[in-house]
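What follows is a single structure, written as structure tokens, with notes after it.
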Amino acid sequence: MTISIVFPGQGSQFPGMGKNLFYQHQTARTIFEEASDSLQLNLKEYCFGKHTDQLMQTKYTQLAVFVVSYATFRILQENLDLHPRILLGHSLGELTALVSANTFSFTDGLEIVRTRGELMQEASIGDYKMAAIIGLDSSDVQAYCENISRKDNIVEISNYNSRDQTVISGHEDAVKQVVRQIQKTGGKVIYLNVTSPFHSSIMSEPATLFGEYIKRFRIKKPEIDVLSNVTGDIHEDILIHEMLSRQIVQPVDWVACMNFLHQQNITDIIEVGPGTSLSNILKNHLPNAQVYSIGELTELEQIKRQLTQIYPHYRFLKKCISIAVSTQNKGLQNSESQKMIVHHYKELVEMYEKLRKDVILNGEMQQILFHFTEILRLKFISNEDWQERHKQLAIIAENDRFLVNILINLNEEIMNSIYSKN
């Protein structure tokens with residue numbers, strides 16, 4: 001199991017988001033209170049109180065989504081001992097990912113998000129539009145935009161969301177011209193509920209101002225790898241300031257980010273924050289990955305049940321493979337013995353791949369034990385070496401009755417093999 005956590009951006013918000021988390025988790029209340037004190041703004045009122053009518057304003061939206069997403073992430077980490085390999089977020093969500101990776105402090109993140117939202121809202125005064133183009137290749141969408149766009153009437157691609165969903169952004173007239181042309185060919189178009197030219201060259205001024213502003217904040221090397229929306233690759237800490245500025249004016253390349261997850265063999269993806277829009281895209285783009293979303297307590301409890309069942313079994317098998325590889329071969333060095341070791345190792349790895357998504361059953365575990373025991377028997381593991389490796393496995397198994405019983409049987413098998421050689 002290799003885990004990635006993704007964070008949503010603007011557009012995922014809804015009145016009432018974070019309410020259950022706030023009233024049922026002290027961590028959420030602490031984060032909301034810290035944010036409200038730091039900003040001198042009662043965010044609770046904007047998320048699920050009397051000011052929810054203002055939640056659609058960018059300067060409030062971005063802060064609210066950021067705080068709810070970060071609070072959800074913290075609660076997830078408290079409830080599950082997860083070790084995600086990669087964090088990423090869509091647009092605003094990239095900042096949530098960076099704060100979650102301790103690149104910025106939470107309070108610095110609040111100031112950065114507030115300024116970003118204010119600058120982007122100020123630049124959105126005018127007649128602007130965004131629209132999602134469904135079922136058309138992005139290169140075709142690009143051609144339509146280039147045909148229509150002019151210096152004073154801009155339309156550009158702002159989001160590469162999936163293979164068949166591309167978002168365009170710009171002046172309302174130019175966007176509508178592109179939409180009409182696409183609709184004439186039978187293309188499907190959905191206008192977004194925003195009146196802003198996000199991730200287009202119209203945002204050049206706020207991008208420049210934001211780039212200067214963000215330089216005042218100290219950036220630490222992310223403790224977990226974070227992907228850039230601009231490059232679809234892992235952030236280099238020395239370029240984070242620049243990339244966050246460029247992200248405002250350049251398209252979000254979510255397709256490149258998802259392709260990176262595929263290349264890294266990410267098996268489990270958790271969307272953390274309000275809404276499920278990213279989960280739906282991820283499921284279509286990465287059908288072999290298990291995708292979860294957490295925005296409410298019920299979803300958290302469901303994922304907790306699933307992952308706490310799978311995770312110890314995964315770690316146990318991963319450790320078995322590590323032991324099988326690292327144990328010195330003191331046995332027969334003939335080709336037949338080597339061939340058998342390779343055979344049993346391949347069987348172990350196949351079981352490991354299967355366990356990426358499923359709780360392992362007793363019969364399957366017995367197969368694992370057989371192949372694992374055979375490797376150690378063929379390598380003539382010593383009693384001293386086995387006792388050290390047994391301790392490593394016991395640490396993983398200690399809170400899982402199923403694994404404890406398995407380890408008892410495994411120990412008996414290995415000790416019998418050791419004694420038979422003596």
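On a predicted model such as this, the values are computed, not experimentally measured, just so you know.
Between the CG atom in Leu393 and the CG atom in Leu410 there is a gap of 6.5 Å [rounded to 0.5 Å]. Here the CD1-CD1 distance, from Ile266 to Ile86, works out to 4.0 Å after rounding to the nearest 0.5 Å. Rounding to the nearest 0.5 Å gives a distance of 10.5 Å between CD1 of Ile248 and OG of Ser204. For the atom pair Gln77 CD and Phe73 CZ, the distance stands at 4.0 Å (nearest 0.5 Å). From Ile323, atom CD1 reaches atom NZ of Lys379 across 11.0 Å, with rounding to the nearest 0.5 Å. With rounding to the nearest 0.5 Å, the separation of NE2 in His235 from CG in Asp237 is 10.5 Å.
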>> Let's go through Ile202 and Val249 carefully: what are the C-alpha distance in whole Å and the side-chain angles of both, what is the deciding distance for side-chain contact (heavy atoms from CB on, under 4.5 Å) to 0.1 Å, and is it a yes or a no?
In response: CA-CA 7 Å; Ile202 299 170; Val249 76; over 6 Å; no
> Can you list the steps and then say if Glu111 with Arg114 is a salt bridge (charged side-chain N to carboxylate O under 4.0 Å, His left out)?
Replying inline: CA-CA 5 Å; Glu111 293 300 326; Arg114 172 160 61 181; 3.1 Å; yes
>> Test side-chain hydrogen bond (donor to acceptor under 3.5 Å, both in side chains) on His90 and Asn161; report intermediate values, then the result.
In response: CA-CA 9 Å; His90 192 284; Asn161 278 346; 2.9 Å; yes
>> Would His344 and Leu378 count as a side-chain contact (heavy atoms from CB on, under 4.5 Å) here? Give the steps.
In response: CA-CA 10 Å; His344 291 299; Leu378 289 164; 4.1 Å; yes
>> Working note: Ser200 + Tyr128, criterion side-chain contact (heavy atoms from CB on, under 4.5 Å); need CA distance, chi angles, decisive distance, verdict.
In response: CA-CA 11 Å; Ser200 74; Tyr128 302 112; over 6 Å; no
> After noting the C-alpha distance and the side-chain angles of Thr115 and Leu119, does the key distance pass the side-chain contact (heavy atoms from CB on, under 4.5 Å) rule?
Replying inline: CA-CA 6 Å; Thr115 299; Leu119 288 170; 3.8 Å; yes
>> As a quick check of understanding, evaluate salt bridge (charged side-chain N to carboxylate O under 4.0 Å, His left out) for Arg246 and Glu242, giving each step before the final call.
In response: CA-CA 6 Å; Arg246 286 173 56 186; Glu242 177 188 342; 3.4 Å; yes
>> Under the criterion side-chain hydrogen bond (donor to acceptor under 3.5 Å, both in side chains), I'd like the reasoning laid out for Ser169 against Glu156: C-alpha separation, chi angles, the key distance, then a yes or no.
In response: CA-CA 5 Å; Ser169 174; Glu156 297 168 346; over 6 Å; no
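Under the 3.5 Å distance criterion, with hydrogens and angles disregarded, no donor-acceptor pair is assigned to the side chains of Glu413 and Thr373. In this structure, a donor-acceptor pair under 3.5 Å is present between the side chains of His285 and Asn259. Using modelled atom types and a 3.5 Å distance limit, the side chains of Glu78 and His25 yield no donor-acceptor pair. Inspection of the Arg29 and Gln24 side chains reveals no N or O donor paired with an N or O acceptor under 3.5 Å. A side-chain N or O of Ser124 and one of Ser196 form a donor-acceptor pair less than 3.5 Å apart. Checked by atom type, the side-chain pair Gln392/Arg389 shows no donor-acceptor distance below 3.5 Å. In this structure, a donor-acceptor pair under 3.5 Å is present between the side chains of Asn102 and Glu223.
Val178 and Val155 make their closest contact through CG2-CG1, 3.7 Å (heavy atoms, listed as atom of the first residue, atom of the second, distance). Minimum interatomic distance between Tyr160 and Ile157 (heavy atoms only, all atoms of both residues): CZ-CG2, 3.6 Å. A pairwise comparison of heavy atoms in Ser228 and Glu94 identifies CA-OE2, 3.6 Å as the closest pair. The nearest pair of heavy atoms linking Pro8 to Val272 is CD-O, 3.1 Å. Ile154 and Ser149 make their closest contact through CA-OG, 3.4 Å (heavy atoms, listed as atom of the first residue, atom of the second, distance). The nearest pair of heavy atoms linking Gly331 to Asn329 is N-OD1, 3.0 Å.
The shortest side-chain heavy-atom distance between Asn159 and Thr166 does not fall under the 4.5 Å cut-off. The closest side-chain heavy-atom distance from Tyr191 to Val179 is below 4.5 Å. For the pair Pro274 and Val65, the minimum side-chain heavy-atom distance is below 4.5 Å. Side-chain atoms of Ile414 and His390, non-hydrogen and from C-beta on, never get closer than 4.5 Å to each other. Within the 4.5 Å cutoff, the side chain of Gln142 has no heavy atoms near those of the Asp137 side chain. When side chains are defined from C-beta on, Ile133 counts as touching Ile168, because their heavy atoms get closer than 4.5 Å. You'll find the side chain of Ile112 reaches within 4.5 Å of the side chain of Phe210, heavy atoms only. At a threshold of 4.5 Å between non-hydrogen side-chain atoms, the residues Cys320 and Phe372 count as touching.
Ser162 places a side-chain N or O within 3.5 Å of a backbone atom of Gln165 that can act as its donor or acceptor partner. Judged purely by atom type and a 3.5 angstrom limit, Thr27 has no side-chain atom pairing as donor or acceptor with the backbone of Ile75. Side chain of Asn229 to main chain of Ser91: a donor-acceptor pair is present (N/O by atom type, distance under 3.5 Å, no hydrogens or angles). The main-chain N or O of Gln26 is found under 3.5 Å from a side-chain atom of Thr30 such that the two form a donor-acceptor pair. In this structure, the side chain of Ser36 engages the main chain of Leu41 through a donor-acceptor pair within 3.5 Å. Proximity of a side-chain donor or acceptor of His241 to a complementary backbone N or O of Phe217 within less than 3.5 Å is detected. Between the side chain of Gln13 and the backbone N or O of Gln10, no donor-acceptor pair lies under 3.5 Å. Judged by distance alone, with hydrogens and angles left aside, the side-chain atoms of Ser38 form no donor-acceptor pair with the main-chain N or O of Glu34 at under 3.5 Å. A distance-only check finds no donor-acceptor pair linking the side chain of Ser337 to the backbone of Gln333 [under 3.5 Å]. Between the side chain of Lys59 and the main chain of Arg116, no donor-acceptor pair closer than 3.5 Å is present.
Environment of CD in Gln54: crowded, with over 12 heavy atoms of neighbouring residues, nucleotides or ligands closer than 6.0 Å. Within 6.0 Å of CG on Asn334 lie more than 12 heavy atoms contributed by other residues, nucleotides or ligands. Dense packing is recorded around NE2 of His343, with more than 12 heavy atoms of other residues, nucleotides or ligands lying under 6.0 Å away.
Tyr70 and Phe66 have parallel rings, their planes meeting at less than 30° on a 0 to 90° scale where 60° marks the start of perpendicular. Note on ring orientation: taking the six-membered ring where Trp is involved, the planes of Phe22 and Phe48 are tilted (angle from 30° to 60°).
Asp108 and Arg216 are not joined by a salt bridge, as no carboxylate oxygen comes within less than 4.0 angstrom of a charged side-chain nitrogen.
For an aromatic pair to be called close, the ring centres must be under 6.0 Å apart, and Tyr345 with His371 fails this.
Taking the ring centre of Phe104 as origin, the terminal cationic atom of Lys220 falls outside the region bounded by 6.0 Å and 45° from the ring axis.
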